[in-house]
Amino acid sequence: MKKKFRDMFGKKQQKPVQTNNIPSNLSSPLVTNLDENVKTVKSKLGNSSDLVTRSIKIGKNQPVRAVILYMDGLADKKFIQDFITETLMLDIRITDLGEGQTISQKQSEAIETKQTQSQGSETKNQDETPSNADQAKKEQTKSDQNSQNNTYQAIQPASSNTSNQKKKTRKPIKLKQLKHKKSSNKQQSSESSESTIGSKQSNQAESGTNEKNQTSKQLSIEQSSSQSSPSTQSNQANQANQQAKQGDFFTILKERSLTGSEVDECHDYFTLFQFLLAGDTIILIDGYAKGFTIGSKGFEKRGVEESSSTTVIRGPKDGFSETLRTNTSLIRRRLKDPSLWIENMVIGEKTHTDIAVCYMKGIVNDDVVQEVKKRLKDIEIDAILESGYIEELIQDKTYTPFPTINNSERPDAVCAGLLEGRVAIMVDGTPFVLLVPSLFVDFFQSSEDYYQRSDIGSALRLLRFVCFFLALLTPSAYIALTTFHQEMIPTQLLISLAAQREGVPFPAYVEALMMEITFEILREAGTRMPRAVGNAISIVGALVLGQAAVEAGIVSSAMVIVVSLTAISSFVFPSFNISISVRLLRFIFMTLAAMFGLVGIILGLLVMVMHMASLRSFGIPYLSPMGPFIPGDQKDSLIRLPLWRLRTRPKLISQKDMEREDTEPAKPKQK
Amino acid sequence: MIEKGKIGVRQFTVLVLMYTLGTAVIILPSLTASYAHANAWITMVIAMLIGIGIVFMLNCVISIDWKKNLFELSEHILGKWVGKAVSVLFLTYILLLTATNLRQIGEFITTQVTVETPIQFVMFIFMMTSLIGVRLGLEVIGRTSEIFFPYAFTSLILLLILVAPEADFRNVQPVLQEDIGGTFLAVIPTLTTPYLELFIFLAIFPYVHRFKPAKKAFYIGVIIGSVILTLITLMCLAVLGPDFTARQIFPSYILGKKISLANFLERIEILVAIAWFFTIFFKITLNFYVLNLGMSHFFNLKSTKTLSTPLAFIIIIMGIILFTDIIYYNEFVAYYAPYYSATIGILLPMLLLLVGFIRKKKKKSKVG
Amino acid sequence: MVNQLMQKKIKSICVIIILTVLLSGCWDARELSDIAIATALGVDKEGDQILVSAQILNPGEIAGNTISTRTAVSTYQAKGSTFFEAIRKLTTIAPRRIYLAHLRMIILGEEFARGGVADVLDFISRDHEMRTDFNFAIARENTAENVVQVLTPLEKIPANKIFGNLQAAEESWAGVSAVKLDELIASMTSKGKEASVTGLWVIGDPEFGTQLENVEASLSPTEIKTDFIGVFKNDRFVDWLNEEQSKTLNRIKNKVKNTISWVPCDDGGKVAIEVFKTHANVSGSMKKGIPKINVDVKSEANVGDVACALNLTKPKELRKLESKFEKSIEEEMKTSIKKIQEMGTDVFGFGEVIHRASPKEWKKVKGQWNEIFANELEVKVNVKIKIRRTGTINQSFLKEIEEKRKQGE
């Protein structure tokens with residue numbers, strides 16, 4: 001049963017199928033009685049206070065009761081007010097013409113300029129939308145973007161997809177408004193007919209008996225629109241016929257009155273809740289066992305801010321935020337290429353978290369994409385609260401201190417990853433985007449390496465690798481040298497070390513362990529505690545634990561230096577996961593050093609490297625391009641060569657479209 | 001095939017190089033110097049030339065059918081029963097070899113680095129590390145060798161460069177005037193380690209990506225390794241003097257002690273010793289791996305991992321009981337091991353080559 | 001499934017057991033506060049037994065924050081029938097284990113050295129803690145014990161003082177030689193070469209030198225001086241070389257880095273040069289059983305000190321000066337070599353030169369080489385000196401002063 005659930009989400013999110021792990025009454029279909037529907041919805045939500053129900057009446061002569069449902073805080077109230085409530089209450093039940101005109105005036109201002117040239121094609125476009133499910137799915141992403149960006153007020157240059165989309169959303173309004181203006185009489189009649197049909201339908205329950213009425217009504221609308229654009233008349237007549245066959249009150253509402261971009265029907269409570277709880281608005285109409293879902297997501301969210309976990313001096317300052325759409329738009333904005341494919345998924349039986357899998361089609365290794373999708377589909381979990389959940393559920397090996405999946409808060413870093421043929425996994429609700437496959441060297445690369453000059457970038461990158469070993473081995477090397485291999489220390493240094501250790505009551509290992517753990521506590525405290533008491537930590541750390549401990553003769557001052565060096569080195573890495581693993585491994589190496597000295601450290605290193613060599617990240621050997629050694633990929637691993645030398649993409653990650661560029665180094669003209 | 005992983009040609013070269021250096025780098029200078037005195041390096045050169053001949057012979061053997069490893073090959077050529085019997089000979093030798101190598105590194109560490117640690121524990125932790133490597137498979141061993149190779153190689157080269165100022169080449173003069181008999185006699189124990197042990201690569205060959213470059217890589221690895229061995233022997237003689245070299249048990253470690261640059265870069269012999277740890281580690285691991293591979297072929301097991309843990313413990317125990325003391329061990333290496341090694345390392349591959357050649361001819365004549 | 005789980009459990013238990021066993025490791029671990037760093041060892045003979053005096057550092061006194069009135073080094077002594085036993089017996093007195101890896105000097109008492117040092121050297125090269133980077137010295141006309149105990153000013157660690165002293169003197173005086181273990185053993189075992197070791201003098205009262213007052217005075221009453229070279233025959237100390245002989249030895253061994261030598265001027269007074277580059281090429285041959293050695297010394301020098309009226313602006317004068325120095329040094333070397341030949345120990349390593357030159361002839365004579373060295377060996381010395389520069393001035397102003405004085409008279 002669970003598998004079924006998974007399958008259906010994997011393939012299509014729009015058409016949820018009744019499943020068993022949802023309470024049976026939840027998956028039951030809606031009933032025709034409006035009050036009962038509303039009551040059920042309310043009771044299912046436990047009368048939660050953030051559910052807003054607004055009942056209205058539509059139509060003039062025989063008003064139909066309808067209820068608008070939305071979650072307070074999740075839905076965009078202004079949108080609901082402007083484009084749902086008003087259109088339903090005012091446009092359809094036109095009792096006051098003057099009021100209708102004011103609205104039309106207000107909204108036609110922006111539209112009128114383009115109205116004539118684009119009208120015909122748009123109508124066509126819109127008509128096709130509901131009939132073609134695939135297209136709807138594709139365009140959903142775009143419309144999503146629109147609605148979330150709340151760009152209703154502005155019109156962007158017409159070349160981009162988004163502006164098209166905007167026209168589309170406006171279209172119904174425009175049509176209606178034209179109706180109001182030019183043939184108010186006819187429209188009135190059509191309105192009344194609509195309402196009658198509605199009431200009749202409630203009795204006959206979607207039977208096709210009143211086709212004639214519908215046709216006449218459709219024609220009347222048709223006429224009104226044909227006045228404005230005579231050239232498309234015949235075209236529209238065809239469409240009208242088509243609509244007349246399948247259309248009813250519902251369709252009319254949907255196509256003429258509901259102005260949201262994502263309008264869908266729902267037939268059961270499960271779907272209803274899925275949309276409702278995602279921030280969409282539900283319209284239930286009395287007498288129908290189905291309702292509308294209108295995309296109206298508009299919850300409070302953080303804007304695009306500078307990423308806090310990875311900072312650069314030179315480079316873009318924007319970072320991902322918690323909203324999936326914002327994040328995909330940040331990527332899309334940088335990679336204006338149709339080969340950037342974004343696939344959506346929903347994971348989490350309770351959270352229904354949106355996941356987007358992004359990759360550059362044609363660059364990415366298709367097997368990796370398949371593998372990523374397969375692993376994502378195999379996830380059976382109730383909640384995905386952060387991309388860390390995904391990371392842990394799809395990583396190649398669980399019991400390893402090394403991360404095999406990289407994450408980033410930086411759109412530029414993710415774009416660079418995509419261009420190297422990696423797959424990005426974005427999770428709604430977190431700014432951390434996963435990048436697979438990720439190799440060991442990736443965790444040492446900062447996006448700034450590419451923005452600085454290549455020699456400086458290379459030096460900094462080498463420094464990070466040095467810091468890796470410093471952070472990993474300094475305390476253990478100190479222990480090994482001072483307790484096992486004193487002959488290796490220069491005499492003068494040995495004397496001063498010995499002088500410092502005079503009177504220290506603990507063995508070097510215990511001393512090191514103590515100080516390292518103390519530092520870890522300080523660091524953890526620094527991360528967890530409120531910012532306001534931040535200064536306290538530095539005072540405690542520096543003065544009390546550092547200076548005072550040395551003065552009290554509990555630790556030697558050399559130890560404090562060792563611990564500080566280790567600590568600072570472990571903060572150098574651009575990726576936080578690698579520094580955590582280094583910190584943990586450090587303790588193992590310290591123990592090995594205390595047991596066997598340098599021999600222990602070396603054997604530990606051997607085991608560590610062998611373990612790393614056995615790791616794979618989505619099929620790619622973790623240590624490549626070092627082991628296996630790939631000469632062609634050395635250009636961008638330990639060091640970074642000038643950009644004109646980085647001709648090809650990493651060999652193992654992407655094997656297609658290897659050529660990146662063909663720039664010759666610039667040579668000034670010689671006179 | 002039991003082993004599913006493949007290693008690249010570069011990895012194969014590195015493994016051959018590491019294997020050639022392996023234990024030879026710590027025992028050979030002393031061994032050759034005790035026979036050949038100032039001419040020890042000439043001994044090494046002669047041994048290298050003969051070693052290249054051995055590599056040529058081994059390459060011929062594997063060319064019979066390079067998709068089969070040593071054990072499959074012997075069964076293929078000699079028939080099931082004789083083949084299995086020959087496999088047993090190979091396996092016993094490799095078992096003894098692994099135990100000996102383990103003992104060597106144990107002796108080295110307990111003599112020079114951590115004197116009070118019981119040798120059993122040193123051998124134990126070394127073998128456990130090796131066991132982890134073998135259980136992770138040939139691919140991992142190959143990659144790991146690639147990772148550590150730069151360190152091992154550069155520190156050996158640095159050793160040679162840094163002790164160069166201390167070298168006094170009057171120590172190796174007069175060239176080939178005295179101890180000529182010893183010079184040539186010393187070739188025999190020198191061949192034992194490492195050249196007569198190279199046959200284990202016949203078991204690795206089928207798992208190299210491409211065969212022809214692998215044959216070349218075999219030569220390259222052995223030649224580079226031998227040149228480094230020769231240079232280190234030469235440096236030992238030039239810096240320490242022939243007598244001092246012969247007297248030391250691990251002269252190349254003492255050579256590391258002579259590094260002194262600007263009163264700062266000194267006392268770093270242990271960093272050089274670490275390079276040998278790596279080479280010896282890969283030697284032991286490769287031996288152990290081939291042992292596991294052969295065992296699983298012999299018993300028709302599905303995986304090389306099945307016997308690895310018990311074998312590891314057997315090797316540790318053997319390493320402990322095989323030699324009572326270091327003198328016994330040195331005598332074994334110098335006087336007895338050469339005959340045994342020659343039987344396994346030259347005679348058996350030659351037998352394989354000969355029978356394989358005759359069979360091929362017969363086949364051809366039958367077809368004709 | 002259950003089976004696998006059990007297997008995993010058993011595996012993890014095994015790993016834990018192994019780890020706990022391993023945790024009992026640390027056999028070699030010794031904390032810095034548990035070792036006594038020895039910087040110098042003095043070896044003397046007391047009857048049948050060997051007396052070892054170890055100079056142990058007191059790290060807190062040298063690098064600690066609070067400096068008390070204690071000495072920077074302490075000396076511990078122990079007797080034993082072998083050197084090794086004596087060293088181990090030190091632990092009966094010393095509070096910590098003696099750590100020898102940072103040894104700087106091994107000082108042999110003169111009397112002990114006359115009795116043979118081979119068995120001490122054996123331990124030194126056998127013990128793993130011992131490195132090869134310390135120097136040997138002989139306490140001249142004294143016991144090693146006395147030398148080890150002397151406290152030195154400026155450098156708190158006396159062994160470091162001696163070590164540094166040796167390095168500096170070797171580089172800019174040429175009368176001493178810093179001999180290390182492998183060289184010492186090599187020359188003691190070689191049939192064509194004998195060992196030579198620098199001497200240490202205690203100037204002043206050795207008893208007073210052990211007191212802290214010794215270093216409290218601006219001019220310490222008791223000091224250690226490194227000078228002259230002692231020569232060995234096999235492993236036995238034989239005799240001391242004087243200054244000229246020591247220099248000659250170092251010249252031939254190519255150990256001279258920088259030294260000075262002087263000659264008298266024609267009109268009284270002296271002129272000294274700084275020899276900064278010396279290369280001696282020793283070649284030998286053996287024909288009809290008669291060994292011959294040719295020593296070619298090529299030096300470059302600067303004029304360092306002119307105490308007479310000398311016209312340094314003329315190349316001719318310079319050439320004259322050069323040949324004067326050449327003659328003087330040649331003479332010095334010849335007499336020195338003669339003297340050393342009389343001692344009957346081939347510290348120059350002429351035997352090895354013959355060995356390399358004609359190995360076949362060498363085989364016949366190597367048994368009685370020292371006698372041949374003393375009686376039959378012909379040594380030719382040829383010195384070439386090139387004066388490159390005259391320092392920062394050319395003509396000395398002594399001439400003007402002289403003239404002025406004459407005028408005044």
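Residue numbering restarts at 1 for every chain, and letters A, B, ... go by the order of the sequence lines.
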C/H102 side-chain N/O to A/P490 backbone N/O, donor-acceptor pair under 3.5 Å:
no

A side-chain contact here means heavy atoms from C-beta on lying under 4.5 Å apart; do A/T483 and C/R30 qualify?
no

Whether over 12 other heavy atoms sit under 6.0 Å from C/R126 CZ
no

Relative to chain C, which segment of A/Q500 carries a heavy atom at a distance below 4.5 Å: side chain, backbone, both, or neither?
neither

Could you list all the salt bridge (charged side-chain N to carboxylate O under 4.0 Å, His left out) pairs where at least one residue sits in residues 579-602 of chain A, not counting sequence neighbours?
A/E516-A/R586, A/E520-A/R583, A/E520-A/R586

Measure the shortest side-chain to side-chain distance between C/L32 and A/L494 over non-hydrogen atoms and say whether it is less than 4.5 angstrom.
yes

Roughly how far apart are C/L100 CG and A/Q486 CD, rounded to 0.5 Å?
12.0 Å

Given side chain to side chain contact (heavy atoms under 4.5 Å, CB included), test A/E487 with C/R131 step by step and report yes or no.
CA-CA 9 Å; A/E487 77 271 13; C/R131 303 175 56 85; 4.1 Å; yes

Take atom CD of A/E392 as the centre, draw a 6.0 Å sphere, and report whether it contains more than 12 heavy atoms from other residues, nucleotides or ligands.
no

Inspect the surroundings of CG in C/L154 and state if more than 12 heavy atoms from other residues, nucleotides or ligands are less than 6.0 Å away.
no

Looking at A/R616, I'd like to know if its CZ atom is crowded, meaning that more than 12 non-hydrogen atoms belonging to other residues, nucleotides or ligands lie closer than 6.0 Å.
yes

Could you tell me which portion of C/N58 (side chain, backbone, both or neither) has an atom closer than 4.5 angstrom to a non-hydrogen atom of chain A?
neither

Should we say atom CZ of A/F469 is surrounded by more than 12 heavy atoms from elsewhere, each under 6.0 Å from it?
no

At what distance, to the nearest 0.5 angstrom, does CD1 of A/I495 lie from CD1 of C/I37?
6.0 Å

Checking side chain to side chain contact (heavy atoms under 4.5 Å, CB included) for the pair A/T491/C/I157: CA distance, chi angles, key distance, verdict?
CA-CA 11 Å; A/T491 313; C/I157 308 162; 5.8 Å; no

Could you pull out the closest heavy-atom pair between A/E502 and C/P59, with the gap in Å?
OE2-CG, 3.8 Å

Using 4.0 Å as the upper bound for N to carboxylate O, is an ion pair formed by A/R501 and C/E31?
yes

